[in-house]
Each structure stands twice: as structure tokens, then as C-alpha cells.
Number of protein chains: 2
Amino acid sequence: MSQTVDRALSILPLLAEGPADLGRVADRLGVHKSTALRLLRTLHEHGFVYRQSDQRYRLGARLIALAQEAMENLDVREIAHPHLVRLNEQCGHTVHLAVYEENEVLYIDKVESRYPVRMYSRIGKPVAITVAAVAKLLLADLPENERRAVVEKLDYPMYTSRSTPNADGFLKELAKVRVQGWATDLGGHEESINCVAAPIRGADGRVTAAMSVSAPNVVVTADELLTLLPLVRRTADAISGEYSGRTPVRHTDPVHHPEHRPEKDTV
Amino acid sequence: MSQTVDRALSILPLLAEGPADLGRVADRLGVHKSTALRLLRTLHEHGFVYRQSDQRYRLGARLIALAQEAMENLDVREIAHPHLVRLNEQCGHTVHLAVYEENEVLYIDKVESRYPVRMYSRIGKPVAITVAAVAKLLLADLPENERRAVVEKLDYPMYTSRSTPNADGFLKELAKVRVQGWATDLGGHEESINCVAAPIRGADGRVTAAMSVSAPNVVVTADELLTLLPLVRRTADAISGEYSGRTPVRHTDPVHHPEHRPEKDTV
DNA sequence: TGATGCGTTGCAAGCAGTGCAACAATCGTT
DNA sequence: AACGATTGTTGCACTGCTTGCAACGCATCA
């Protein structure tokens, strides 16, 4: 809506690709060098970009600090954390917490595996949305039309032979996940890593977050990991209860809640 | 320099305090609601703010993802990581990596302690700049005038009785750290936690990052922690060497490098 | 020493951002 | 149920901010 701000903000993802000099920024924006300079200056004053000794610009520290605050303000995260730690103590594997927001799913908390073999992932990193177990849960709960819209727009990279190949397959998977109330990723992202995930619901029954336990084949087989499902679901339900103001949810009966009418947004 | 962008960017730290509605944002900016609305819309389009179901705005997911990329692009981090992991394997304690940028010091990497008692800290979080061992190293290396300027502007919160009380004391501490080439924090931030830190230098000899080992009293005493100093310094030197293109730095003689003339910026 | 490439600055012109006022929508109250 | 109060939203006229240009400073390099 606002051209100037629009241009300024477009600089940031551009710099995320790596440091760039003034000319490059101006080119990519399609504006004169002088205007690019002024925009960069404003971003600099706010600490969003930093000018390194070779005069090139890169993303600044304030951005990182802000993002940190953004995550700490998420109340699901705060409530969930102790539960995640306890779960990790019980099973020893990596535990993740993720949320959905505007076509992206990202990890907002993580407790590292206590086994020496650890998987790579990082808080704040967008997850592989077409295969991750947590992503399936979060997308499965979107209102019908929004879900379709999102699913159609996605890319379906074949990380492994077991990755979700296309939108149709993904919709079917989501339908399944939706009724059964939990999800898995069996080698769909990394050949040798499996995950089990369960949804965390708010007071209105909507899925606001999802959590998962992940472990590589070399530590436990997929079957062994699946035996943890009840534990994972119990943990997720406990978090749900606390999050929605002590209304513990049963996970024994298939979850069913009326198709929500399309709301604008959800937390 | 650019009014519109300036206003738009000012919204973000504001939202970092917590969700706010349109009226509140407009008030804090000192502009009409309609202009605040348009700015928020632009921020929204870029995913920097998110509108929750109660219509209030909060920081968005793209911000978090961007910050993530920002950190992954820091090349010191990439080079240092394996060294940090190895150090952690050797001593078992929490290992941190931090950089300085425009009046802020922040952690950009961390390897968790292998002892059950863990300290709280988080990647991306600004560190207690007046007491942290890594902060001392990074500030001590700033050009004289810049260092004074920064030190004067700081607040000196008394986290504990051993916290740095004021600018004068801090300058003296920095002078000491500067000549000895390493730093400690003995209960200055948390009564029961001690740290030992060593600097990482670029090809020009300037301190570009700092690393530390931290442990609570209940695990090892301060004296015991100090015995790790040689190991920490050796690790830091190894990283320095690799970072500056294999020019291993000796840490045996007191580090001395000519007072740099005030440059605009440093990586 | 001159040429090329970069970042930077003052300026005038025009467009885009601003505040206003009126409207819509939601909510709580009587 | 009707009413005010509050909050978000839109169209519009006007002003002022943003823009591109051209000229300059300052490096590096031939």
C-alpha cells in the first residue's frame, strides 16, 4: 500500500541472500541509487541493516533481537516449554514445537535429543511444509477453502522417495490426519529420520500449534517411535488444556469439531 | 532520513512489547489512525506483522525467518561451530559465541551443557553487556573514542553484588581485559554462574567475535573453571586462524596491536 | 595524471503519503 | 431492541515528502 515502505522492506529479504552493495540494491529494487541509499540509511538508523567494513550492507543485529522478542511473546511457547522438556526427559529424543502463520510453518521451540546423534533444525527456521508431521496437523485444521488455496500454491520438492509428491496427495494426507488427530513423517524429509506429532488446540478447538518427537533410524525404528504416540498425544493435550484455560481435551475419540466458518485469522 | 519508512519501522519495536491495536499504534507514532493503518498494511503484506483473531497486531513470522537467515549468513558462526562443539565435548559445559554490533552484543551460537543443570540464554538474545565476559572482550577492542562513547551511554544494572557498577569501573576492567587477552565473569550476572572467555580475531587483528565457557557453581568452582582457560584460548585461536585464512595467533605473549584509527564499521 | 567506478549531496518537480471527515461494524448499555 | 460509544475502514483534496537527475568527492587502477 505504501510505496516507500514497500521498497524499504523489500531490501531485507534481498540482503538475506547475502551482503550487497548500494548499486546492487538499487538495481534489484529498480530505483535510482540515491533513493536506495536513503532507504538503506533509514534501515540502518533502526539497526535493521548493518554496514560492514567493505561498505556492503547486510542484515543487522536489531532484526535478530526483535525476532527473539517476537518468539518470546508467543504465549503457547511459554506454556508448552516445560511440557516439552518433561517429554524429552521421558523419551530422550528431539522435541519440536511449531506454529502456522500465513503460508509458513516454523519451529518456535526445540529441546535437543539426549542421544549423541542429533538432527539438524533450528528455531525460527521455516519447516518443510509438505512433509513435516507438525505442518500436516497445522494445515489439516485450516478452514476448507483456505487449506485448498494454500495447498495449491505450494511446491512439492522430493526430498526423498517418500516425500509428498503433489497437491492431491497432500490433500488426502491432510484429510487422514484431520480425522485421526495425529500425524507422522516417516522418512519424507530425511531418509533416515521419523517423526510423530500431535496437535495443540486453543479454547475454540482450533489447532494453534503442533509438537513432534523426532528420531533417526539408527536410534529407534519407526515402529518403536510410534509406540511413543500416546505419550506425545497426552503431552499435547496437557498443553492444550493449560493453554485454553484448563479444559483438558480427550484424545480417545476421533477429534471432531464442526467445520469452522472461514475466519480472517487465527493465532 | 525517510519519514514514512522511519514511522513504519518504529512500529516493530513497539509491537515487540506485545500485541497492540490500531489506535494504540497510531497514538504511539503520533499519527492519524488512517496512516497507521496503511503502514501496518504494508508491514503485513511483507509478513513482518501479523493480525491475530482479536484484530490486534503482533510481530510476524517472516521477521523470525529473516533473522534466522541473517545469523546463518554470518561466516564467523559457520567456521566456529565445529570448534565450539568439540570444546563442549572436551569440557561438557555450555559454550557461547557472541558478536558486537552497534551498541549491542548478542549470542549467535550456543552449545548446551551436557550437565543436567543448564543456564538460561538464547541465541539472538542481547547479552548483559556490562558484565558478560564476551562483551568485555568485544568492547575492549573498540577504538578508544568509540569505546568511551559506548561505555558512557550504557546502563549499569546491579544484577548481583559483583556486577560492574559504573562506567569508570567498566573502563578499567576493559583496559585490563585488553592487555591480558581474555576475560571472565565471576557471578556478575547470576550469582552462581561463572564464565571464561577468549577473543576471536580477524585477519586485521581486530576482535570480530568472542567465545565463552559457562558453568554454575554447583558443577565446578570458579577456580576449576579457570583451569580451562588455556583450552578456551586455544580453541579461540584456532577459530581466529581459520577465519583470517590460516594465520594462527599466539596467545602466549600479551596481545598487542596498534591502536586502530577509528574506522566507520567492522564486521 | 587521467580515467573509471563507487557512494554521496542539493535541487526542482511531481507524485505519493497525510489528515480529515464520513461511513461501516461491532459491542455493551439502557 | 434501539441506542450511543468505540474501533476499523475508505475516498478525497492538499501538502510535503520522496524521487531521479546531475554534479561532486573520493577511491582504485592504468
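Keep in mind the model is a prediction, meaning the values are calculated, not measured.
- Among residues two or more places apart in sequence or in another chain, the side-chain hydrogen bond (donor to acceptor under 3.5 Å, both in side chains) test is passed with B:His81 by B:Asp109.
- Every residue was checked against the side-chain hydrogen bond (donor to acceptor under 3.5 Å, both in side chains) condition with A:Arg122, not counting sequence neighbours, and none meets it.
- B:Gln52 has its CD atom 13 Å from the P atom of D:dG8, to the nearest Å.
- A rotation axis mapping the C1' atoms of four pairs onto the next four is fitted at both ends of the helix from C:dT1-D:dA30 to C:dC27-D:dG4 over five pairs, and the angle between these axes is 40° to 10 degrees.
- Remark: B:Ala98 pairs with B:Val105, B:Tyr107, B:Val134, B:Leu138 by the side chain to side chain contact (heavy atoms under 4.5 Å, CB included) rule, at least two apart or across chains.
- For residues 35-44 of chain B, there are no salt bridge (Lys or Arg N to Asp or Glu O under 4.0 Å) pairs, not counting sequence neighbours.
- Listed by chain and residue number, nothing satisfies the salt bridge (charged side-chain N to carboxylate O under 4.0 Å, His left out) test with A:Asp168 (two or more places apart in sequence, or in another chain).
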Problem set entry | B/S/- contact track for nucleotides 23-28 of chain C, protein heavy atom under 4.0 Å | ------

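- Computed from coordinates, the A:Gln55 CD to C:dG5 P distance equals 18 Å when rounded to whole Å.
- Within the 4.0 angstrom heavy-atom criterion, only backbone atoms of the sugar-phosphate kind lie near B:Arg41; the bases stay farther away.
- Within 6.0 Å of the CD atom in A:Glu78, the count of heavy atoms belonging to other residues, nucleotides or ligands does not exceed 12.
- A donor-acceptor contact shorter than 3.5 Å is absent between the side chain of B:Glu104 and the backbone of B:Pro126.
- Here C:dT9 presents its P atom at 12 Å from CG of A:Leu22, a figure rounded to the nearest Å.
- Not counting sequence neighbours, B:Glu69 has no partner by the salt bridge (charged side-chain N to carboxylate O under 4.0 Å, His left out) test.
- Contact annotation: A:Arg56 does not reach the phosphate of C:dG7 (side-chain N/O to OP1 or OP2, under 4.0 Å).
- Among residues at least two apart or in separate chains, salt bridge (Lys or Arg N to Asp or Glu O under 4.0 Å) pairs with a member in residues 9-37 of chain A are A:Glu17-A:Arg28.
- Every residue two or more places apart in sequence or in another chain that forms a salt bridge (charged side-chain N to carboxylate O under 4.0 Å, His left out) with B:Glu72 is listed here: A:Lys125.
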Can you check nucleotides 17-21 of chain C for protein contacts, nitrogen or oxygen pairs under 3.5 Å, and list what you find?
| from | atom 1 | to | atom 2 | distance (Å) |
| --- | --- | --- | --- | --- |
| C:dG17 | OP1 | A:Gln3 | N | 2.8 |
| C:dG17 | OP1 | A:Thr4 | N | 2.9 |
| C:dG17 | OP1 | A:Thr4 | OG1 | 3.0 |
| C:dG17 | OP2 | A:Gln3 | N | 3.4 |
| C:dT18 | OP1 | B:Arg7 | NH1 | 2.8 |
| C:dG19 | OP2 | B:His32 | N | 3.3 |
| C:dG19 | OP2 | B:Thr35 | OG1 | 3.2 |
| C:dG19 | N7 | B:Ser34 | OG | 3.2 |
| C:dG19 | N7 | B:Arg38 | NH2 | 3.3 |
| C:dG19 | O6 | B:Arg38 | NH2 | 3.4 |
| C:dC20 | N4 | B:Ser34 | OG | 3.4 |

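- Regarding A:Asp6, its CG atom lies at a distance of 11 Å from the P atom of D:dT19, rounded to whole Å.
- Every side chain to side chain contact (heavy atoms under 4.5 Å, CB included) that B:Ala36 has, sequence neighbours left out, goes to B:Leu22, B:Val25, B:Ala26, B:Val31.
- Computed from coordinates, the A:Leu29 CG to D:dT19 P distance equals 10 Å when rounded to whole Å.
- Put simply, CG on A:Asp54 is 15 Å from C1' on D:dT28, counting in whole angstrom units.
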